[in-house]
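Following: one structure in structure tokens, then a few remarks.
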Amino acid sequence: MRAVRYDAFRTPPRVEQVEDPACPPRGAVIEVHATGVCRSDWHAWQGHDDSVSLPHTPGHEFAGVVREVAPEVTRFRVGDRVTAPFILSCGRCAQCRAGATQVCPDQHQPGFDLPGSYAEQVVVIEADHNLVALPDGIDMLAAAGLGCRFGTAFHAVRTQARVRDGECVVVLGCGGVGLSVVQIATAAGARVLAVDVSPGALEAARALGAEPVPTSPDEPADDLVERLLAASGGADVTIDALGSARTASAGIRALRPRGRHVQVGLLLGEDADPALPMGRVIGLELQVLGSHGLAAGEYRELLEEIGDGRLDPAAHLGSIIGLEDLPEALVGLGGAPTSAGMTVARIS
Ligand SMILES: [Zn+2]
Ligand SMILES: [Zn+2]
């Protein structure tokens, strides 16, 4: 098969002819029809993720058709249209049995510790447990983004924050996850305030139903918090979709008493252990919740709402490219994040 590979971090990836993957016990081989291009792929290529071994094929958000299943697999057959969450879980541990597959201690991720989906075929382990059947009405290109950004946003808004009709939600950061949060929270009946430094990102948030709150990197955090409190009257929910010490802290400080802050954006490098206003968390009985990906079992509701038109992941599609364009697209993710929507490659 053809696959994108790199032999060393930060060296140009190439499209190469490689051996077809073997189907592991209880697993499946998927013929990839579409794969998303995500900034996490760029971080892996930079060598920021120590689970990656070389040579490596990136890609963790995909949709396609089952090409081969191991004999133990009972729920899926060759030819089924499928996707999978980017966190592939074991299916046997206490977390998996409770449906919380996104925090399985024995998880694996294509494009990180497993070969990824920038390829004509990708392996999904524990296929009965991890594969998700795609209804016919859902396009492969739109489905490719469900496993990562749209699914991540769905889990944060619906499962973790439990956003309700009439609540006020502040979203900090309007990249791929943040804009998905805007759409999903708006669909849940929330009033959404969207914070970003980029006019393009704010315009995209406005188009999805949010009230834009422009800021700049040099605006003092106190001023931003004050403006958010004034505009919201104290937010019911804040979601840090960017991931920085500044946005995490501002999110917590912009809440009303007993509000919920959800941390979705990864806190990396010098922001890994930020100083947070825990006195406020105690005094106002705030909830601070982590959010990590999406459980395989949450897809049913997500796909239903896409099917009946309440949610539309296709609204976030940006440029559509081919397998041969993936190396350049991956390297290009190192530039400033754009708000032009998600880049997806059509593989077949
Ligand atoms: Zn991703
Ligand atoms: Zn597990």
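Residues: numbered from 1 along the sequence shown. Keep in mind that the numbers below use all heavy atoms, side chains included, and drop hydrogens, waters and symmetry copies. Counting starts at 1 for both ligands and their atoms, following the listed order.
With waters left out, the protein N, O or S atoms under 2.8 Å from the Zn ion (ligand 2) add up to 4.
A search for side-chain contact (heavy atoms from CB on, under 4.5 Å) contacts involving R191 returns C168, L193, E211, not counting sequence neighbours.
Note: F150 and H316 have tilted aromatic rings, judged against thresholds of 30 and 60 degrees for the angle between ring planes. Using bins of under 30°, 30° to 60° and over 60° for the plane-to-plane angle, the ring pair H60/F112 lands in the tilted bin.
Checked for salt-bridge contact, R26 and D128 miss the test: no charged N lies under 4.0 Å from a carboxylate O. In this structure, D7 pairs ionically with R14, as a charged nitrogen and a carboxylate oxygen lie closer than 4.0 Å. Salt bridge annotation for E120-R2: present, with a cationic side-chain nitrogen under 4.0 angstrom from a carboxylate oxygen. With respect to the salt-bridge test (charged N to carboxylate O, under 4.0 angstrom), the residues R310 and E304 do not qualify.
A side-chain N or O of D240 and one of T247 form a donor-acceptor pair less than 3.5 Å apart.
Of all protein N/O/S atoms, those under 2.8 Å from the Zn ion (ligand 1) are C38 SG, H60 NE2, C148 SG, and waters are not counted.
Screening residues 74-97 for salt bridge (Lys or Arg N to Asp or Glu O under 4.0 Å) gives R92-E126 as the qualifying pairs, with residues at least two apart or on separate chains.
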